[in-house]
Amino acid sequence: MPPTFLSLNNTLSKQLEAFTPRDPSRVTFYSCGPTVYDDAHIGNFRSFLAADVLRRFIESPLCTVRTADGSLHRGPRTVVHVMNITDVGHMTDDAEGGENGEDRMAVAGRRLEEAKKSGKLPAGTTLDPRDPYQIARFYEHRFREDAIMLGLKLAIAAQSDPTLMPRATESIAGMTTVINRLLKDGYAYTTGQPGSRVVYFSVQAYPGYGKLSGNTLAALKAGEGGRVSEENQSGKKHPADFLLWKEDNSHIMKWDSPFGDGWGKGYPGWHIECTVMAASRLAGVDAAGLATLSLPGAEALIDLHSGGEDNIFPHHECEIAQSCCAFNPQVAHSGQGSYAAMWFHPRFLFVEGAKMSKSKGNFFTARQLVEKGIQPAALRLELIRTHYRSNANFTMQGLEDSARMVERWRKIASAATPGTPAPSPEHPLLAAVADALHNDLNVSEAIAQLNRWTNTLGTPTAADAAALLAVDAILGVLELKQLQGQTSEIGIYLPGVSPSPEVEAKLRTRAEARKAKDFATSDRIRDELLAMGLTIKDAPGGKVEVGKK
RNA sequence: GGCCGCGUACCAAAGUGGACGAAUGGAGCGGAUUGCAAAUCCGUUUGCGCAAGCACUCGUCGGUUCGAAUCCGACCGCGGCCUCCA
């Protein structure tokens, strides 16, 4: 029996659970965002887009949510969706949360410096590759562009409300406040020599540690063999203790360390930033407010929290521990609290059957693909169409399939007329889509239902278009900008193909040959173009559409 | 070694006890259209058979059940995490 209200597989309980926000008319949602020392790749975007589809569905009139008292809430509903920008550079060799190796921001700087020298930076880029803040802003800007291009509602909303995408470097005061709370309440401790002191979170102080990932402290201790250097272990009470702050005056990004007399500058560990940004934006408190923020009982601070599957451990495990101990200290000692009620973790994306990696050459960023002429709508559909809890397989064939589906839907959508009333949720298509999405956000099933419905259509009416658009408000595909190709007198060049005098001449010769019914010549020219990697298609009006093979 | 997830037809991908030879998209095949293509539209695709029907399918082998792709066990294969990574 499919649920009639939104149910999701909660990583915390490993079960399908009703999603029951504290206030169903205003849902709080936090997604772990990008690190900005490189462009986000399509795997990153699969995770962000899954969260976006979920957010759109929760906001849609099609979504029903069960409330704590068992009644059903049908809306209207808004989602306050926050995604952080990790612009603190963490370490390449990040064994314990940021102590060794080289700072990633510094590595990015070297890469940018080389790009600058070889003239590979986009025109108009003024950037000092030695300044980590400029590097971070450079990639952050590109991330926002990509996210908007792919229809991430959050990024669109953040244009007018920047607090929805907070930066780690602008949340340092909150971090030190929370760390001081943890120190005061005995959940954290300091160790090390002046100049290189560290603050660790003590995992043994929180009995709930391990609940999300299924790891036990004993197993973590046993599995630790050889992977963690002796140096990092000394001073730790337990091998799984993680870094909250590191005093290091030589770091390229550093801030005051208000943890006692004589502390120099330092930088935060990589788990604490999410706790602080989520709490301040979603609980609505400033840095000072974090000093007293307290939740009754073991209540969750936020309704929904997402991140890639690799975030489950250690990142989200640590986030839960430190957040519960900081904000629910009266119950944290019992191991209670979950900080977020529902944990949503999309699985990894493969490319042509293999794990994506730079060395295998199957590594793509969203902007690379779009520069090659891939329509953003096709890319978005390809990245969302597989169920979020399966490893999706990204293929060029799949991208073509998605592009075709988008075209078919666009044709129906073009029947829309202004003023057509929104379809009722009882509309067969909308009801079928709602059933699919209520059931653990089954996007594949929803798309199948949509296609099945389109197959029953004759000439689409305005009402059909309105129904389709109601579904697309969730999928977010048709609203995306369409790349425009270039047109000449004779050719329509698809995105990614640029006209050249050579091609233009061939098209002209072919047109003349066809006019003279010299089909041998016209076919020969088509073969020649094919050999150049171009496909052609005679369009109405005598023009020829030129695409890439 | 520990924890978690996955394995479906030519490909991608839903389905998680009966309506399943298995949704949906692609590819293939047949047809419409086109000078021919491409695109689009319609039909169709396990085997044998004209058909009714029979036989064999959802990693493998067993089990539970009147009934299993779906539940249980073992095994094989793949992936994630246990070091940064969506």
**Q** Side chain of A/Asp310: nearest nucleotide among B/C84, B/A14, B/G80?
**A** B/G80
**Q** In whole angstrom, give me the gap between the P atoms of B/A14 and B/U65.
**A** 32 Å
**Q** Mind checking if A/Asn393 touches a base, just sugar-phosphate, or nothing, with heavy atoms under 4.0 Å?
**A** sugar-phosphate
**Q** With a non-hydrogen cut-off below 4.0 angstrom, is A/Thr395 in contact with a base, only sugar-phosphate, or nothing?
**A** nothing
**Q** Searching all strands shown, indicate the nucleotide that pairs with B/G7 (Watson-Crick or G-U wobble; both distances under 3.5 Å).
**A** B/C76
**Q** Considering only the C1' atoms, how many Å lie between B/A37 and B/C56, rounded to the nearest integer?
**A** 41 Å
**Q** Ignoring hydrogens and angles, are the base of B/C6 and the side chain of A/Arg389 linked by a donor-acceptor pair under 3.5 Å?
**A** no
**Q** I'd like to know if A/Glu528 and A/Arg524 make a salt bridge, using a cut-off of under 4.0 Å between side-chain N and carboxylate O.
**A** yes
**Q** Could you tell me whether A/Phe350 contacts a base, only the sugar-phosphate backbone, or nothing, with contacts defined as non-hydrogen atoms closer than 4.0 Å?
**A** sugar-phosphate
**Q** When both hydrogen-bonding distances must be under 3.5 Å and the geometry is Watson-Crick or G-U wobble, what is B/C54 paired with, if anything?
**A** B/G47
**Q** Using a strict cut-off of less than 4.0 Å between a Lys/Arg side-chain nitrogen and an Asp/Glu carboxylate oxygen, indicate whether A/Arg367 and A/Asp146 qualify as a salt bridge.
**A** yes
**Q** Using atom P of each nucleotide, how far apart are B/C84 and B/A9 to the nearest Å?
**A** 36 Å
**Q** Using a strict threshold of under 4.0 Å (side-chain N to carboxylate O), is an ion pair present between A/Glu140 and A/Arg144?
**A** yes
**Q** Can a salt bridge be assigned to the pair A/Arg526 and A/Asp538 using a cut-off of 4.0 Å between side-chain N and carboxylate O?
**A** no
**Q** Using the C1' atom as the point on both nucleotides, what is the distance between B/G5 and B/A32, in whole Å?
**A** 47 Å
**Q** Select from A/Thr535 and A/Glu445 the residue whose nearest nucleotide in RNA chain B is closer to the 5' end of that strand.
**A** A/Glu445
**Q** Report which part of the nucleic acid A/Arg408 touches: base, sugar-phosphate, or nothing (heavy-atom distance under 4.0 Å, all strands).
**A** sugar-phosphate
**Q** Give a yes/no on whether any side-chain N or O of A/Asn451 is located under 4.0 angstrom from OP1 or OP2 of B/G26.
**A** no
**Q** Taking only the side-chain nitrogens and oxygens of A/Arg510, find out if one of them lies under 4.0 Å from OP1 or OP2 of B/G35.
**A** no
**Q** Using a 3.5 Å distance criterion without hydrogens, assess whether the side chain of A/Asp38 forms a donor-acceptor pair with backbone atoms of A/Ala108.
**A** no
**Q** Report the residue (A/Tyr388 or A/Lys411) whose heavy-atom-nearest nucleotide on RNA chain B is the more 5′ of the two.
**A** A/Tyr388
**Q** Strictly by modelled atom types, are A/Glu273 and A/Thr86 linked by a side-chain donor-acceptor pair under 3.5 Å?
**A** yes
**Q** Provide the distance between the two P atoms, one in B/G30 and one in B/A39, to the nearest whole Å.
**A** 16 Å
**Q** Can you tell me the base-pairing partner of B/C81? Count Watson-Crick or G-U wobble geometry only, both distances below 3.5 Å, and say none if there is no partner.
**A** B/G2
**Q** I'd like the P distance from B/C11 over to B/U60, given in whole Å.
**A** 14 Å
**Q** Do the charged groups of A/Glu512 and A/Arg508 touch, with an N to O distance under 4.0 Å?
**A** no
**Q** Is it the case that the base of B/G5 and the side chain of A/Asn391 share a donor-acceptor contact (distance under 3.5 Å, atom types as modelled)?
**A** no
**Q** Answer with yes or no whether A/Arg347 presents, from its side chain, a donor or acceptor under 3.5 Å of a partner atom in the base of B/C6.
**A** no
**Q** Would you please confirm or rule out a distance under 4.0 Å between OP1 or OP2 of B/C84 and any side-chain N or O of A/Thr86?
**A** no
**Q** Less than 3.5 Å between a donor and an acceptor, one on the side chain of A/Arg514 and one on the base of B/G35, is that the case here?
**A** yes
**Q** Rounded to whole angstrom, note down the P distance from B/G25 over to B/G63.
**A** 39 Å
**Q** Considering only atom C1', compute the distance from B/C41 to B/C61 and round it to an integer number of Å.
**A** 47 Å
**Q** Among B/G2, B/C36, B/A14, find the nucleotide with the atom closest to the side chain of A/Asn215.
**A** B/G2
**Q** Indicate whether OP1 or OP2 belonging to B/A37 is found under 4.0 Å from a side-chain N or O atom of A/Lys537.
**A** no
**Q** At 4.0 Å (heavy atoms only), tell me whether A/Lys14 reaches a base, stays on the sugar-phosphate, or touches nothing.
**A** sugar-phosphate
